[in-house]
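The block underneath contains the structure these notes are about, expressed in structure tokens.
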Amino acid sequence: MTAKLIDGKQISQHIIEQVALRVAARRDRGKAAPGLAVIRVGEDAASRIYVRNKLKACERSGVNSYSHEVPASTSQSDLVALINRLNSDPAVDGILVQLPLPGHIDGDAVTDRIDPSKDVDGFHPYNIGRLMLGLAGLRPCTPRGVMTLLQCSGIEIDGQDAVILGRSNIVGRPMALELLHAGATITVCHSRTRELPEKVANADLIVAALGKPRFVQGSWVKTGAIVIDVGINRLDDGSLVGDVDFEAARQRAAWITPVPGGVGPMTVASLLENTLQAAENRDPDAS
């Protein structure tokens, strides 16, 4: 068996095109395009690339973007003051603070200051709480993107045994909630999980989000399983690999996401969906 590839580039392009059509329809009705403010603190190289990709996606979809680049020495109070200004700015529908932040800044406190209606990352406790309860809201972008990948690929989730590797607030925990609401039975694994290979080997659906290159071995993957690789790791030679040993796993899986070109583009597409949703929530007559 050779797994079918789940093409995140192609699916994300379709999502962005749909966002562009809806943005154009808003403007045809005399409404402003959604506005996304992106804050980058410091000069982290990866963050610079991620922000650039998000701003390019905004341009492609017709979403207005506002980039705020502040030095790494910025105080937490100054960063919060910027967020407060953006919270009050009617042109801004979504606010994203690019992670990671410098060590002297409390990321949780910063997230808490973002207006939940503008929290397009979906990390605010209010939005996580709504996700917990299965209520509509702004959902964390990467888990939302994974769910879109599965849906667009025609993959049935209801009744599946799913194993999630990683329990971060960004991916692992909200991913568990997304899959639980879709009818899967969930096991969340982490650094203290015992007999990890055996747990993975029993999974119909594997979501790997550990940040460890090629950690999941192909021999762990059950024949016919679905493998979603959220990890993106740069090796010494500059190449990018996921958390799954791709070549070995694809010989056993039924479906698998590549790295790059799998989940990554979907995170950006989901950000645009959240930004449009935030604009429509704040201006329901235009939706």
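Computed from heavy atoms alone, side chains included, the values below leave out hydrogens, waters and symmetry copies.
For residues 96-106, there are no salt bridge (charged side-chain N to carboxylate O under 4.0 Å, His left out) pairs, not counting sequence neighbours. Residue pairs satisfying the salt bridge (charged side-chain N to carboxylate O under 4.0 Å, His left out) criterion with at least one member in residues 160-173, sequence neighbours excluded, are absent.
Both Leu272 and Val38 belong to a common hydrophobic cluster when Ile, Leu, Val, Met, Phe, Trp and Tyr are linked at side-chain heavy-atom distances under 4.5 angstrom. No chain of hydrophobic side-chain contacts below 4.5 Å, direct or via other Ile, Leu, Val, Met, Phe, Trp or Tyr residues, connects Val51 to Ile232.
The residues Arg144 and Glu178 are annotated as not salt-bridged, no charged nitrogen and carboxylate oxygen being separated by less than 4.0 angstrom.
Heavy atoms from other residues, nucleotides or ligands lying under 6.0 Å from CD of Gln151 number 12 at most. The local environment of CD in Gln10 is sparse, with at most 12 non-hydrogen atoms from other residues, nucleotides or ligands closer than 6.0 Å. Residue Asp236 qualifies as open at atom CG: its count of foreign heavy atoms under 6.0 Å is 12 or below. Other residues, nucleotides and ligands contribute more than 12 heavy atoms inside 6.0 Å of the NE2 atom of His181. Few gaps surround OH on Tyr66; more than 12 heavy atoms of other groups in view lie less than 6.0 Å from it.
Inter-residue side-chain proximity for Asn274 and Cys141 is flagged as met; some heavy-atom pair is nearer than 4.5 Å. Contact annotation: the side chain of Ile128 approaches that of Pro140 to within less than 4.5 Å [non-hydrogen atoms, C-beta and beyond]. Side-chain atoms of Thr193 and Thr187, non-hydrogen and from C-beta on, never get closer than 4.5 Å to each other. Using a 4.5 Å cut-off on side-chain heavy atoms (C-beta onward), Phe123 and Leu99 make contact. The closest side-chain heavy-atom distance from Asn64 to Cys58 is not below 4.5 Å. When side chains are defined from C-beta on, Thr2 counts as touching Arg250, because their heavy atoms get closer than 4.5 Å.
Residue Thr267 forms a side-chain hydrogen bond (donor to acceptor under 3.5 Å, both in side chains) with just one option from Asn53, Thr142, Asp121, and that option is Thr142. The side chain to side chain contact (heavy atoms under 4.5 Å, CB included) test with Val263 is passed by exactly one of Ile6, Ile228, Val207: Ile228. Evaluated for a side-chain hydrogen bond (donor to acceptor under 3.5 Å, both in side chains) with Glu280, the options Arg26, Arg22, Lys31 yield exactly one hit, Arg22.
Note that CZ of Arg40 and CG of Leu101 are 12.0 Å apart. Values are rounded to the nearest 0.5 Å. With rounding to the nearest 0.5 Å, the separation of OG1 in Thr275 from CG in Asp93 is 8.0 Å. In this structure, CE on Met175 lies 5.5 Å from CE on Met147, to the nearest 0.5 angstrom. Taking CG of Leu276 as the reference point, atom CG of Leu36 lies at 12.0 Å (rounded to 0.5 Å). Atoms NZ and SG, on Lys199 and Cys189 in that order, are 6.5 Å from each other to the nearest 0.5 Å. Taking CD of Gln160 as the reference point, atom OG1 of Thr185 lies at 9.5 Å (rounded to 0.5 Å).
Of all the heavy atoms in Ala162 and Leu179, the pair that sits closest is CB-CD1, 4.1 Å. Taking each heavy atom of Leu149 and Ser153 in turn, the nearest pair found is O-OG, 2.8 Å. Counting all heavy atoms, side chain and backbone alike, Asn202 lies closest to Lys222 at O-NZ, 3.6 Å. Across all non-hydrogen atoms, the minimal contact from Asp44 to Pro100 is OD2-CD, 4.2 Å. Nearest heavy atom pair, residue Arg282 against residue Val92, reads NH1-O, 3.5 Å. Residues Ala57 and Val268 share a closest heavy-atom pair of CB-CG1, 3.5 Å.
In this view, Ile83 and Ile39, Leu79, Asn87, Val97, Val110, Arg113, Ile114 satisfy the side-chain contact (heavy atoms from CB on, under 4.5 Å) rule, not counting sequence neighbours. Taking Glu195 as the reference, nothing meets the salt bridge (charged side-chain N to carboxylate O under 4.0 Å, His left out) condition, with sequence neighbours excluded. Listed by chain and number, the residues in a salt bridge (charged side-chain N to carboxylate O under 4.0 Å, His left out) with Glu156 amount to none (sequence neighbours excluded).
Clustering of Ile, Leu, Val, Met, Phe, Trp and Tyr by side-chain heavy atoms under 4.5 Å joins Leu196 with Leu5, Val163, Leu165, Val200, Ile206, Leu210, Phe215, Val216, Trp220, Val221, Val227, Val244, Phe246, Ile256.
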Derivation and outcome, side-chain contact (heavy atoms from CB on, under 4.5 Å), residues Val241 and Val259: CA-CA 6 Å; Val241 300; Val259 176; 5.7 Å; no
Derivation and outcome, side-chain contact (heavy atoms from CB on, under 4.5 Å), residues Val80 and Asn84: CA-CA 6 Å; Val80 167; Asn84 287 339; 3.8 Å; yes
Met266 vs Val146, side-chain contact (heavy atoms from CB on, under 4.5 Å): CA-CA, chis, key distance, verdict: CA-CA 7 Å; Met266 295 302 301; Val146 169; over 6 Å; no
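Panel note: side chain Arg48, backbone Glu43; a donor-acceptor pair is recorded below 3.5 Å.
If you check the side chains of Gln251 and Glu247, you find no donor sitting under 3.5 Å from an acceptor.
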